[in-house]
Number of protein chains: 2
Amino acid sequence: MRTALDLMEAKGLHAFSLRGVAGELGVGPMALYTYFRNKDDLYDAIRDHLMALVPDVPQDLPWLDQVRFVCRGLRALMLQHPCLAQLLASRPLSGKETARVAEGLLGVLRAAGLEPEAAARTHTTLFTYVLGATTWEIQMASERLDPDAWRRLRTSMESLSAHEFPTVVELAPELARTSGGDEQFDYGLDLLLAGLAS
Amino acid sequence: MRTALDLMEAKGLHAFSLRGVAGELGVGPMALYTYFRNKDDLYDAIRDHLMALVPDVPQDLPWLDQVRFVCRGLRALMLQHPCLAQLLASRPLSGKETARVAEGLLGVLRAAGLEPEAAARTHTTLFTYVLGATTWEIQMASERLDPDAWRRLRTSMESLSAHEFPTVVELAPELARTSGGDEQFDYGLDLLLAGLAS
DNA sequence: ACCTGAACACCGTTCAAGT
DNA sequence: ACCTGAACACCGTTCAAGT
């Protein structure tokens, strides 16, 4: 699992293969099937292993700060292990550790006085916001790292006619600045929490 | 492109292959390379083709309703073409049609009086919320359609100890109900818009 | 339980060749 | 411009066989 995780982060999930893991470990491809039923099973094991790293909810904070803490912690882990976002989006929901994270956030929301339905809806909203925001952030960052993709994006942005896309062209620098980062993540998170407070 | 899109929606993006498209068209795999430089190029073409289907912003509505219209339209298109969400999350940003959608939403936000930076941040927040919420919704729906995965989820939910995960167990029915649907999407969207109004 | 080795049915892409 | 056919370097997984 550690070797698999290393390979996924080094070369990206799209280039990850069981044969690659086996090669790295100096065994035949079939040796892995002693420990995992198939590739998806390995994916699920790694997702659970990573979700276990999401920190527990700190107990001595106002509940809005507890929510912020959990959401930021999940994002930080996804940034550290970009494959986690893809695994959450592509593999069926399962695993104790995912339940543990849900338990933490749901507990905070219930303790804050939200009714069962509102707590569940808010939990799903927060989780999907973190997933979407961080997925996009990772995507934009990987584009900036690939000089070829970065050049293509710049030229395609510059080729947009200011007549057809006046606002996009005018706000190009702001859009580039808001395509990731702590500030952007907190902006959206605070919008949700402000909506919740009202 | 139409054949490729059909195959992606019939069998899922993970099972999509250029050789499959070529086979469906009754040509050799290499015939496709006359029209697309490689597989990624075809992906980008399909993403652009789908983004062109996002409806334009209606002009005779209050701006919050305009925002709602665009976000709901994008979600509806992703639900109709589940591969779109995956393509947006996995392919570098590019294409005129993506700029068109951004232009529509950014124009509304600027006309509503938001400063350039706030407009950009709000646009990114809304877009990533739609992406995350709909990605998750698609994932949950596909799990419900696969009887095997659905059974595994039910049993893994029931095996959670009410002692270790009291809130998750208590809210299981609510969580199941809030894992998708128009109501859940609008709940999160309205949280964001309420935060924006405040 | 743990691993091998051969085999099967696939991939995306290159290259040289045709029309 | 458009397509073929062979080839290369890969995949995940099954099956039978070993220790």
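Proteins get letters first, then strands, A, B, ... in listed order; numbering begins at 1 in each.
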Distance in angstrom units between A:Y43 OH and D:dC11 C1', rounded: 11 Å

Distance, rounded to the nearest Å, where A:K39 contributes NZ and D:dC11 contributes C1': 8 Å

Ion pair check, B:R152 and B:D148, cut-off under 4.0 Å: yes

B:E137 with B:R75: basic N within carboxylate O range, under 4.0 Å: yes

Protein-nucleotide distance (B:L13, atom CG; C:dC11, atom P), rounded to Å: 14 Å

Exercise: do A:E24 and A:T3 side chains pair donor with acceptor under 3.5 Å: no

Distance, P atom - from D:dC2 to C:dA17, rounded to whole angstrom: 22 Å

Whole-Å gap separating P (C:dG12) and CG (B:L7): 12 Å

Separation of D:dT14 P from A:N38 CG (nearest whole Å): 8 Å

Interatomic distance, B:L18 CG vs D:dC3 P [rounded to whole Å]: 15 Å

Note: A:R91-A:D40 ion pair, threshold 4.0 Å (strictly below): yes

Gap between atoms CZ and P, on B:R19 and C:dT14 respectively (whole Å): 13 Å

Cationic N near anionic O, under 4.0 Å, B:D190 to B:R68: yes

Residues touching DNA chain D, which here means a heavy atom under 4.0 Å, drawn from residues 21-35 of chain A: A:M30, A:Y33

Side chains of B:T122 and A:Y187, donor plus acceptor under 3.5 Å: yes

B:T128/A:T135 under side-chain contact (heavy atoms from CB on, under 4.5 Å): CA gap, chis, key distance, verdict: CA-CA 8 Å; B:T128 57; A:T135 296; over 6 Å; no

Contiguous pairing runs of three or more, Watson-Crick or G-U under 3.5 Å, that involve DNA chain C: C:4-8 with D:12-16, C:12-16 with D:4-8

D:dA9 and C:dA9, which share atom name C1', separated by this distance in whole Å: 16 Å

A:R110 with B:E170: basic N within carboxylate O range, under 4.0 Å: yes

Gap between atoms CZ and P, on B:F36 and C:dT13 respectively (whole Å): 13 Å

Between A:R47 and A:S94, a side-chain donor and acceptor under 3.5 Å: yes

Contact list for DNA chain D against residues 83-93 of chain B - heavy-atom distance below 4.0 Å: none

Carboxylate-amine/guanidinium proximity below 4.0 Å for B:E97 and B:R100: yes

Side-chain heavy-atom pair B:Y35, B:D41 within 4.5 angstrom cut-off: no

